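Data first, discussion second: the structure below is written as structure tokens.
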There are 2 protein chains.
Amino acid sequence: MNISEVAKRAGIPPKTIRYYEEIGLVAPPRDTNGYRAFRDSDMHKLAFLSRARALGFTIENCRTLLALWEDQDRASADVRRLARDHLTEIEAKIADLEEMRDTLSSLVKACAGDDRPDCPILKSLGDAPL
Amino acid sequence: MNISEVAKRAGIPPKTIRYYEEIGLVAPPRDTNGYRAFRDSDMHKLAFLSRARALGFTIENCRTLLALWEDQDRASADVRRLARDHLTEIEAKIADLEEMRDTLSSLVKACAGDDRPDCPILKSLGDAPL
DNA sequence: GCTTGACCTTCCAGTTACTGGAATCCCTAT
DNA sequence: ATAGGGATTCCAGTAACTGGAAGGTCAAGC
């Protein structure tokens with residue numbers, strides 16, 4: 001299977017797949033013409049990566065997950081820990097963003113948004129408690 | 001005022017302040033010894049930047065906001081538009097993260113997390129609908 | 001057999017917003 | 001004179017791609 005076909009099926013751009021090969025996440029063999037010849041196993045790995053990335057796992061965590069996936073003797077506890085840690089990070093990020101959202105949204109509401117210079121947004125950013 | 005004092009007051013590391021100078025966000029004059037001599041106006045700018053960054057604005061948006069802040073003839077509509085666009089992006093990010101969180105959290109719940117290899121998390125990542 | 005266009009390849013550079021580290025200089029106090 | 005704690009510059013690295021250039025390959029149509 002050629003790269004564009006794999007890309008379409010896995011939902012990952014060809015460039016990214018080449019990058020994944022470069023950093024050792026996949027290692028498709030080559031045809032005599034130099035083209036990458038993806039096997040089913042490569043395809044499956046890439047689909048796995050696509051989903052893991054969609055859940056926000058870092059590349060390094062994806063690498064670990066992939067290794068666990070391929071290790072028939074893994075302990076599910078290892079997987080779970082990784083996922084839980086990641087979940088915690090996501091929750092922290094959400095909390096940060098929600099705080100930004102709340103502040104920002106109240107500022108936006110308070111701003112007239114007309115052609116006058118008076119602006120609560122800039123005022124709030126400007127009056128620092130030094 | 002020396003850089004470490006400014007850093008402390010603005011809540012920005014000295015390295016970051018030097019970086020901000022490098023990209024033209026601030027331009028403190030120099031003492032005869034080559035040290036940056038921050039004026040009050042520099043201090044205020046940095047405090048402004050610190051808050052804008054805390055609200056998640058990109059550096060480029062901060063640059064724009066700073067320019068609007070200093071422009072007495074700005075229209076508040078320009079500020080508001082920028083803030084609203086940013087708010088929209090934040091909301092989108094939150095939505096993405098919430099989806100990740102929900103998926104991840106249900107997977108984590110479903111996983112025993114013991115020493116056996118059976119794992120719904122890996123299973124879910126693995127069974128791609130090709 | 002040749003051209004055309006769609007693929008494929010590699011390599012280099014750029015993105016965001018810093019951050020770490022090395023080498024060197026400056027100031028103050030003992 | 002020396003020791004420490006700052007300050008300076010410059011170089012490199014981070015995460016995860018992405019864009020673009022230069023060039024090789026393949027299948028189809030004439």
Side-chain angles (χ1 to χ4, degrees), chain A residues 1-39 42-43 45-46 48-66 85-86 89-90 93 96-97 100, chain B residues 1-39 42-43 45-46 48-66 85-86 89-90 93 96-97 100:
Chain A
M1 220 183 328
N2 272 356
I3 199 166
S4 65
E5 176 69 15
V6 175
K8 204 172 42 179
R9 292 205 206 179
I12 306 174
K15 275 256 169 183
T16 302
I17 296 177
R18 293 194 191 100
Y19 170 69
Y20 285 173
E21 185 192 40
E22 191 185 321
I23 63 173
L25 287 178
V26 281
R30 301 299 182 113
D31 261 342
T32 48
N33 58 12
Y35 287 19
R36 290 167 183 83
F38 294 87
R39 299 155 294 188
D42 299 314
M43 178 69 232
K45 269 194 200 183
L46 286 166
F48 181 98
L49 287 169
S50 174
R51 305 182 140 217
R53 290 291 295 133
L55 285 181
F57 285 104
T58 63
I59 289 286
E60 283 319 303
N61 279 348
C62 286
R63 195 190 297 280
T64 305
L65 286 170
L66 210 46
D85 289 354
H86 180 46
E89 277 176 27
I90 285 178
K93 244 182 221 169
D96 283 357
L97 287 171
M100 290 182 196
Chain B
M1 221 183 329
N2 271 358
I3 198 165
S4 64
E5 175 68 15
V6 175
K8 204 172 42 179
R9 292 204 205 179
I12 307 174
K15 275 256 170 184
T16 302
I17 296 178
R18 292 193 190 99
Y19 171 68
Y20 286 173
E21 184 192 40
E22 191 185 323
I23 63 174
L25 286 179
V26 280
R30 301 299 181 114
D31 260 343
T32 48
N33 58 11
Y35 287 19
R36 289 168 183 83
F38 294 86
R39 297 155 297 186
D42 298 314
M43 178 68 232
K45 268 194 200 184
L46 286 166
F48 181 98
L49 287 169
S50 174
R51 305 180 141 219
R53 290 290 297 134
L55 286 180
F57 285 103
T58 64
I59 289 286
E60 283 320 303
N61 279 348
C62 287
R63 195 190 295 281
T64 305
L65 285 170
L66 210 44
D85 289 354
H86 180 45
E89 276 176 29
I90 284 178
K93 244 183 220 169
D96 283 357
L97 286 171
M100 291 182 195

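Computation of the quantities below employed the complete heavy-atom set of this structure, encompassing side-chain atoms and omitting hydrogens, waters and symmetry-equivalent molecules. Order of the sequence lines fixes the chain letters, A, B, ..., with proteins taken first and strands second; residue numbering starts at 1 for each chain. Model, not experiment: these values are computed from the prediction.
Here A:Glu22 pairs with nothing under the side chain to side chain donor-acceptor pair (under 3.5 Å) rule; sequence neighbours left out. By the side chain to side chain donor-acceptor pair (under 3.5 Å) test, A:Arg53 pairs with no residue at all, sequence neighbours left out. A:Lys8 pairs by the salt bridge (charged side-chain N to carboxylate O under 4.0 Å, His left out) definition with A:Glu5, not counting sequence neighbours. In this structure, B:Glu89 has no salt bridge (charged side-chain N to carboxylate O under 4.0 Å, His left out) partners at least two apart in sequence or on a different chain. Listed by chain and number, the residues in a side-chain contact (heavy atoms from CB on, under 4.5 Å) with A:Pro13 are A:Thr16 (sequence neighbours excluded). With sequence neighbours left out, A:Ser4 forms a side-chain contact (heavy atoms from CB on, under 4.5 Å) with no residue at all. With sequence neighbours left out, A:Arg39 forms a side chain to side chain donor-acceptor pair (under 3.5 Å) with A:Asp42.
Each of B:Asn33 and B:Thr58 was assigned the nucleotide of DNA chain C with the nearest heavy atom; the assignment lying further toward the 5' end belongs to B:Thr58.
Here the side chain of A:Ser50 pairs no donor or acceptor atom with the backbone of A:Ile12 at under 3.5 angstrom. Put simply, the side chain of A:His86 never gets that close to the backbone of A:Asn61: no donor and acceptor are under 3.5 Å apart. For A:Arg63 (side chain) and A:Ile23 (main-chain N/O), a donor-acceptor pair under 3.5 Å exists by modelled atom type.
Within the structure, the side chain to side chain donor-acceptor pair (under 3.5 Å) test picks out the following pairs touching residues 25-34 of chain B (sequence neighbours left out): B:Glu21-B:Arg30.
Here the range on DNA chain C touched by chain B, meaning any atom under 4.0 Å from one of its heavy atoms, is C:dA17 to C:dC27.
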Passes side-chain contact (heavy atoms from CB on, under 4.5 Å), B:Lys45 versus B:Leu25? Steps please. CA-CA 8 Å; B:Lys45 268 194 200 184; B:Leu25 286 179; over 6 Å; no

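Remark on the helix from C:dG1-D:dC30 to C:dT30-D:dA1: inter-end axis angle 30°, axes from five-pair C1' superpositions, rounded to 10°.
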Provide a list of protein-nucleic acid N or O atom pairs under 3.5 angstrom, restricted to nucleotides 3-6 of chain D.
residue: D:dG6; atom: N2; partner: B:Tyr35; partner atom: OH; Å: 3.1

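Taken residue by residue, residues 13-32 of chain B places heavy atoms nearer than 4.0 Å to DNA chain C at B:Pro13, B:Lys15, B:Thr16, B:Tyr19, B:Tyr20.
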